[in-house]
Amino acid sequence: MSAVNDTKFNSVVFLLSGIPGQENIYLWISIPFCLMYVISIVGNSVILFIIKTDPSLHEPMYIFLSMLALTDLGLSLSTMPTILGIYLFNSREISLDACFAQLFFIHMFATFESSVLVLMAFDRFIAICNPLRYAAILTPPRTAKMGLVFLLRVVAASFPYPFLLKRFQYCRANVLSHSYCLHQEVMKLACSDITVNSIYGLSALLLTVGLDSLLIFLSYVMILKTVLSIASHAESLRALNTCVSHLCAVLLFYVPEIGLAVIHRFGNSSSHLLQIVLGYFYLLVPSLVNPIVYSVKSKHLRERIIRAFVK
């Protein structure tokens, strides 16, 4: 469908975009995307299965890891239909309802990933700064309640997005610059005042991801302070080593998000390709790398995975 001008709401179809100028090799580009999705879905599913079936892994650290794996799985499944649809079948059209549903799940899972990283930072903070009370503070019921509270916060923050967009009519060029729908991009195609959407989107981001990043930073300040006070150098390194997997997950999530925010605000037309690449990195790479990093760094989990496949 061509660009839509002064159309009725229910007749609008958005056109998604792949990597510009590379249309003739889309089928080849689809191969690494397919591999990433397969590895991500299988890796996170294996972690969920191992943690669920092994009672010795029913501890706060692994419960939070299962939340992270479930979130990464949801994020992969939210973006997979449209991304693979473009590169495998050149299927670019997406209806408004499908677009709104996709952006809700993308924002919800991405924001919940940030929340899970906060919970995991809190877990490391208690384990290192107050180890004698770890079991008393992070009981299974309390762990479940913390996860539920953060999930409700994320759903409450993401739920208004489709309804804020649904009230608009769309009378501008209907081509999106990504292979998936995002609130901040769809709202720019509306032919109405988008001030409310802009303010809400920024407020929701600051109150979720912004607050989460601050809490993670403060947790690691306290962890570093405790580690530096340990007399034994070997014990200090051992304590820091338990945080490596989580730090990798934090960097994989926040670095591309900060990069995208900077490019959206200060970038020019020449940074469009970088924006697309960072978008793919932000949504796909953490889901791919997190299960690998945690499987390698966690000896207990690694042994359980090997045992499950060897027997």
Side-chain angles (χ1 to χ4, degrees), residues 1-20 74-75 78-79 81-83 85-86 92-114 153-212 256-269 271-284:
M1 180 180 287
S2 60
V4 179
N5 294 311
D6 299 318
T7 57
K8 294 291 184 182
F9 171 84
N10 57 9
S11 65
V12 176
V13 173
F14 290 137
L15 296 179
L16 301 168
S17 300
I19 299 175
L75 200 54
S78 298
T79 58
T82 53
I83 291 179
I86 287 175
R92 298 180 59 196
E93 291 190 356
I94 184 169
S95 67
L96 254 69
D97 288 338
C99 185
F100 294 162
Q102 184 185 49
L103 67 86
F104 166 75
F105 284 111
I106 288 177
H107 285 289
M108 184 186 73
F109 283 120
T111 309
F112 191 58
E113 177 138 354
S114 175
R153 180 192 71 153
V154 167
V155 172
S158 304
F159 191 72
Y161 285 136
F163 298 99
L164 287 172
L165 293 169
K166 201 156 187 152
R167 61 199 179 95
F168 292 140
Q169 287 191 348
Y170 296 87
C171 53
R172 299 178 184 175
N174 61 336
V175 179
L176 299 172
S177 60
H178 291 288
S179 308
Y180 43 84
C181 295
L182 294 173
H183 169 259
Q184 61 265 33
E185 188 176 12
V186 174
M187 71 177 184
K188 293 177 182 178
L189 303 183
C191 50
S192 309
D193 182 20
I194 59 172
T195 303
V196 172
N197 291 61
S198 298
I199 293 174
Y200 179 79
L202 180 60
S203 301
L205 184 67
L206 291 175
L207 292 173
T208 53
V209 178
L211 181 60
D212 292 345
E257 174 149 6
I258 293 171
L260 279 171
V262 171
I263 290 175
H264 271 297
R265 182 170 292 272
F266 303 109
N268 50 39
S269 58
S271 61
H272 180 60
L273 180 60
L274 179 60
Q275 180 180 329
I276 292 173
V277 173
L278 273 178
Y280 286 135
F281 189 98
Y282 169 63
L283 291 175
L284 302 181

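Here the straight-line distance linking atom CG of Leu103 with atom CG of Leu165 works out to 6.0 Å at 0.5 Å rounding. Atoms CG and CG, on Leu189 and Leu96 in that order, are 9.5 Å from each other to the nearest 0.5 Å. Remark: Leu182 CG to Tyr161 OH distance equals 10.0 Å, nearest 0.5 Å. Taken to the nearest 0.5 Å, the CZ atom of Phe14 stands 13.5 Å off from the CZ atom of Arg92. Here the CD atom belonging to Glu113 is positioned 11.0 Å from the CZ atom belonging to Phe109, to the nearest 0.5 angstrom. The OG atom of Ser158 sits 11.0 Å away from the CZ atom of Phe112 when rounded to the nearest 0.5 Å.
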Side-chain polar contacts of residues 198-207 - donor-acceptor pairs under 3.5 angstrom, sequence neighbours left out - could you list them?
residue	atom	partner	partner atom	Å
Ser198	OG	Ile194	O	3.1
Tyr200	OH	Ala157	O	2.6
Ser203	OG	Ile199	O	2.8

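The minimum heavy-atom distance between Ser17 and Val175, with the atom names listed, is OG-CG1, 3.5 Å. For the residue pair Gly18 and Ile276, the shortest heavy atom distance occurs at O-CD1, 4.1 Å. When all heavy atoms are compared, the tightest approach of Ile106 to Cys181 is CD1-O, 3.7 Å.
Between Phe159 and Phe104, the ring planes lie perpendicular to each other; the angle is over 60°, past the 30° to 60° tilted range.
Residues Phe100 and Val186 have side chains in contact (heavy-atom distance under 4.5 Å, counting atoms from C-beta outward). At least one side-chain heavy atom of Leu273 sits less than 4.5 Å from a side-chain heavy atom of Ile19.
In the displayed structure, Tyr280 atom OH is contacted under 6.0 Å by more than 12 heavy atoms of other residues, nucleotides or ligands.
For Phe281, there are no ring-ring contact (aromatic ring centres under 6.0 Å, His included) partners two or more places apart in sequence or in a different chain. In terms of the side chain to side chain contact (heavy atoms under 4.5 Å, CB included) criterion, residue partners of Thr82 (sequence neighbours excluded) are, by chain and number, Leu16, Ile94, Gln102, Tyr180. By the side chain to side chain contact (heavy atoms under 4.5 Å, CB included) test, Pro81 is found to be paired with no residue, residues two or more places apart in sequence or in another chain being considered. By the side chain to side chain contact (heavy atoms under 4.5 Å, CB included) test, Ser177 is found to be paired with Glu185, His272, Gln275, residues two or more places apart in sequence or in another chain being considered.
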Do Arg167 and Val196 pass the side-chain contact (heavy atoms from CB on, under 4.5 Å) test, and can you show the C-alpha distance, the side-chain angles, and the key distance before you say yes or no?
CA-CA 12 Å; Arg167 61 199 179 95; Val196 172; 3.7 Å; yes

The test is side-chain contact (heavy atoms from CB on, under 4.5 Å); show your working for Leu75 and Leu283 and say whether it passes.
CA-CA 7 Å; Leu75 200 54; Leu283 291 175; 4.1 Å; yes

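No side-chain N or O of Asp97 forms a donor-acceptor pair with one of Ser95 less than 3.5 Å apart.
Counting only residues at least two apart or in different chains, salt bridge (Lys or Arg N to Asp or Glu O under 4.0 Å) contacts with residues 195-212 comprise Arg153-Asp212.
In this structure a side-chain-to-backbone donor-acceptor pair under 3.5 Å is present from Asn174 to Val13.
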